[in-house]
Amino acid sequence: MPHVEILQLLVSPVHRLAGRPGDGMPELPPGELVGTAEVRAGLGIVGDRYFNHPAHRNASITLMAAERIPRPGPHEADLLRTRRNVLLRGVDIDAYIGATVYLDCGSGPVDLAVRSAARPCAWMDTTVGPGAQRALRGGGGVRCRPLTDGVLAVGPAVFGVREPAPAPGTRRTSG
């Protein structure tokens, strides 16, 4: 079981990247970076903008690998700028699309179905720096459906795979 680190957690009650990137940097309140986040199965992170939204049930939590974030701008890139929920170090989470994984911060595992890529949008060139959208293609993080209740916390964690992604060209069947 690989040990990873949760570097940041973002719980944002509102969608901050509205309008057009050319309009300039939106307000990104630092209070949205938290030390712990409560996860509810099938619903998301309590207090987050995507919690219990039917359209986002299969994508209510986003994870991103710190190693993938480009450093093109004058600011250190973080979750305030990428708008993902969980920033990890030590695992290429983008490689787990289709798998069921877990993160255990010491209070029990939080199981996540890694459903799809979190594709970078044009806002990344404004919030992270010029060229960030292109640099994040294929590495912009993943969208997950939480399968269990639990708590995620900044600091060391254990990462594991409950069920690997199906091989290309095969489909999972539910029993």
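Please read all numbers here as calculations on a predicted model, not as lab measurements.
For Y96, the ring-ring contact (aromatic ring centres under 6.0 Å, His included) partners at least two apart in sequence or on another chain are F159. Partners of D104 by salt bridge (Lys or Arg N to Asp or Glu O under 4.0 Å), not counting sequence neighbours: none found. Checked against side chain to side chain donor-acceptor pair (under 3.5 Å), R145 has the following partners two or more places apart in sequence or in another chain: N58. For N52, the side chain to side chain donor-acceptor pair (under 3.5 Å) criterion is met by R57, not counting sequence neighbours.
Atom CZ of R143 is separated from atom OG of S116 by 6.0 Å, given to the nearest 0.5 angstrom. Atoms CG and CG, from L10 and L33 in turn, are 5.5 Å apart once rounded to the nearest 0.5 Å. Note that the SG atom of C144 and the CD1 atom of I93 stand 6.0 Å from one another [nearest 0.5 Å].
With hydrophobic clusters built from ILVMFWY side chains whose heavy atoms lie under 4.5 angstrom apart, L88 does not share a cluster with L147. Hydrophobic clustering (side-chain heavy atoms under 4.5 Å, transitive across Ile, Leu, Val, Met, Phe, Trp, Tyr) keeps V11 apart from F51. Linking Ile, Leu, Val, Met, Phe, Trp and Tyr whenever their side-chain heavy atoms come within less than 4.5 Å leaves V151 and I61 in two separate clusters.
The backbone N or O of G141 sits less than 3.5 Å from a side-chain atom of D94, completing a donor-acceptor pair. Using modelled atom types, no side-chain atom of D111 and backbone atom of Y102 make a donor-acceptor pair closer than 3.5 Å. Side-chain atoms of T100 do not come within 3.5 Å of backbone N or O of E163 as any donor-acceptor pair.
At a threshold of 4.5 Å between non-hydrogen side-chain atoms, the residues R162 and P109 count as touching. By the 4.5 Å heavy-atom criterion applied to side chains, N85 and L63 are not counted as neighbours. Side-chain contact between V86 and I6 is present, with at least one heavy-atom pair separated by less than 4.5 Å.
Among all heavy-atom pairs drawn from L152 and V110, the shortest one is CD2-CG2, 3.9 Å. The shortest non-hydrogen separation linking V114 to V101 is CG2-CG2, 3.8 Å. Heavy-atom minimum distance, L112 versus P146: CD2-CA, 3.8 Å.
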Sequence neighbours excluded and cut-off under 3.5 Å, please list the side-chain donor-acceptor pairs for residues 35-46, or say none.
| residue | atom | partner | partner atom | Å |
| --- | --- | --- | --- | --- |
| E38 | OE2 | R40 | NE | 3.0 |
| E38 | OE2 | R40 | NH2 | 2.5 |

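Within the structure, the salt bridge (Lys or Arg N to Asp or Glu O under 4.0 Å) test picks out the following pairs touching residues 2-12 (sequence neighbours left out): E5-R89.
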